[in-house]
Amino acid sequence: EKMGYTRYGDWYGFSHGDWCAMFISFCLHYAGADEVMPISASCQEWIKALKQEEYDLYRESGTYTPKPGDIIFYDWDAFEDQELRRSDHVGIVVELKDNGLITTIEGNLFSQVQYSAHYINDAVIMGYGLIPENPSVNTAVDTSDNASGMHDPVKHSSDVLPSTDTNGGLNIDIDVSTSWSSVLSD
């Protein structure tokens with residue numbers, strides 16, 4: 001099934017595809033994290049890349065406590081058999097509350113960018129992609145053509161504003177007050 005156009009897919013080079021992973025890749029690119037870790041348009045392939053020895057940036061659910069900025073991978077089918085599990089959605093951890101509720105920001109959730117929440121022990125959570133500490137963070141949004149020759153789709157610097165927290169981790173501030181329906185239809 002052909003999806004509608006998204007600027008995240010356009011940036012990635014696949015403008016009419018499933019775009020949850022492309023949205024997260026887009027955010028990580030503008031936060032400078034793609035300089036020190038892989039990005040992908042496929043959730044499952046992304047997990048494979050993060051597990052590679054050179055990165056070792058993937059943690060299974062139940063073995064790790066997520067932090068803001070971590071990537072969260074889901075299997076909406078929640079198969080118990082690990083051989084059948086396959087990630088089909090991804091987001092960014094925004095907050096973990098004391099009661100175990102994880103707040104995330106996700107793309108292509110009901111065809112929108114929006115916040116979501118799951119408890120840390122929810123069976124749909126497969127695991128987490130860690131963001132390496134102290135990545136070289138690009139704090140300015142570049143609106144020129146990028147190195148791949150594709151037009152950079154960022155139109156407003158307030159859309160994605162990377163910063164680092166006092167512990168050296170990565171924070172990605174996303175202005176969800178923007179009318180995402182108009183942003184996605186650009």
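What you see below is based on every heavy atom in this structure, not just the backbone, and it leaves out hydrogens, waters and symmetry mates. Residue numbers start at 1 and run along the sequence shown.
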Count the heavy atoms belonging to other residues, nucleotides or ligands that lie under 6.0 Å from CZ of Phe14, then report whether that count exceeds 12.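 For Phe14, atom CZ is not crowded (no more than 12 foreign heavy atoms under 6.0 Å).
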With side chains defined as the heavy atoms from C-beta onward, is the minimum distance between Leu28 and Ile131 less than 4.5 Å?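 In short, these two side chains touch, coming nearer than 4.5 Å.
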Do Leu109 and Cys20 come close enough that some side-chain heavy atom pair is under 4.5 Å?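 Sidechains of Cys20 and Leu109: no contact.
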By the ring-ring contact (aromatic ring centres under 6.0 Å, His included) test, which pairs, at least two apart or in different chains, include something from residues 80-104?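 Qualifying pairs, neighbours excluded: Tyr74-His89, Trp76-His89.
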Exercise: identify the closest heavy-atom pair between [X] and [Y]:
{"X": "Tyr115", "Y": "Thr103", "result": "CD2-CG2, 4.1 Å"}
{"X": "Ile24", "Y": "Trp46", "result": "CG2-CH2, 3.5 Å"}
{"X": "Leu96", "Y": "Pro66", "result": "CD2-O, 3.7 Å"}
{"X": "Val113", "Y": "Ile105", "result": "CG1-CD1, 4.0 Å"}

Go through the structure and list residues passing salt bridge (charged side-chain N to carboxylate O under 4.0 Å, His left out) with Asp88, not counting sequence neighbours.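 Here no residue qualifies.
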Set of residues satisfying side chain to side chain contact (heavy atoms under 4.5 Å, CB included) with respect to Ser87, sequence neighbours excluded: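 Side chain to side chain contact (heavy atoms under 4.5 Å, CB included) check on Ser87 returns Cys43, Gln44, Ile47, Phe73, Met126.
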Ala41: side chain to side chain contact (heavy atoms under 4.5 Å, CB included) partners, not counting sequence neighbours: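 By the side chain to side chain contact (heavy atoms under 4.5 Å, CB included) rule, Ala41 matches Tyr12, Met22.
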The test is side chain to side chain contact (heavy atoms under 4.5 Å, CB included); show your working for Asp10 and Tyr5 and say whether it passes. CA-CA 8 Å; Asp10 189 51; Tyr5 170 87; 3.3 Å; yes
Test of understanding: with ring-ring contact (aromatic ring centres under 6.0 Å, His included), list the residues that count as partners of Tyr128, not counting sequence neighbours.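 For Tyr128 the ring-ring contact (aromatic ring centres under 6.0 Å, His included) partners, ignoring immediate neighbours, are Tyr64.
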Between atom CD1 of Ile92 and atom CD1 of Ile72, what is the distance when rounded to the nearest 0.5 Å?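 Separation between the atoms: 11.0 Å.
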Could you measure the distance from the CG atom of Asp70 to the CG atom of Leu57? Nearest 0.5 Å is fine.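 Output value for this atom pair is 10.0 Å.
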For the pair Phe26 and Tyr8, name the ring-plane relationship: parallel under 30°, tilted 30 to 60°, perpendicular over 60°.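 The rings of Phe26 and Tyr8 stand perpendicular, inter-plane angle above 60°.
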Under the salt bridge (Lys or Arg N to Asp or Glu O under 4.0 Å) definition, can you give me all pairs with a residue in [range], not counting sequence neighbours?
{"range": "residues 57-69", "value": "Lys51-Glu60, Asp56-Arg59"}
{"range": "residues 94-110", "value": "none"}
{"range": "residues 36-49", "value": "Glu45-Lys48"}

Those residues that, when tested against Asp77, pass side-chain hydrogen bond (donor to acceptor under 3.5 Å, both in side chains) (two or more places apart):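 With sequence neighbours excluded, Asp77 shows a side-chain hydrogen bond (donor to acceptor under 3.5 Å, both in side chains) to no residue whatsoever.
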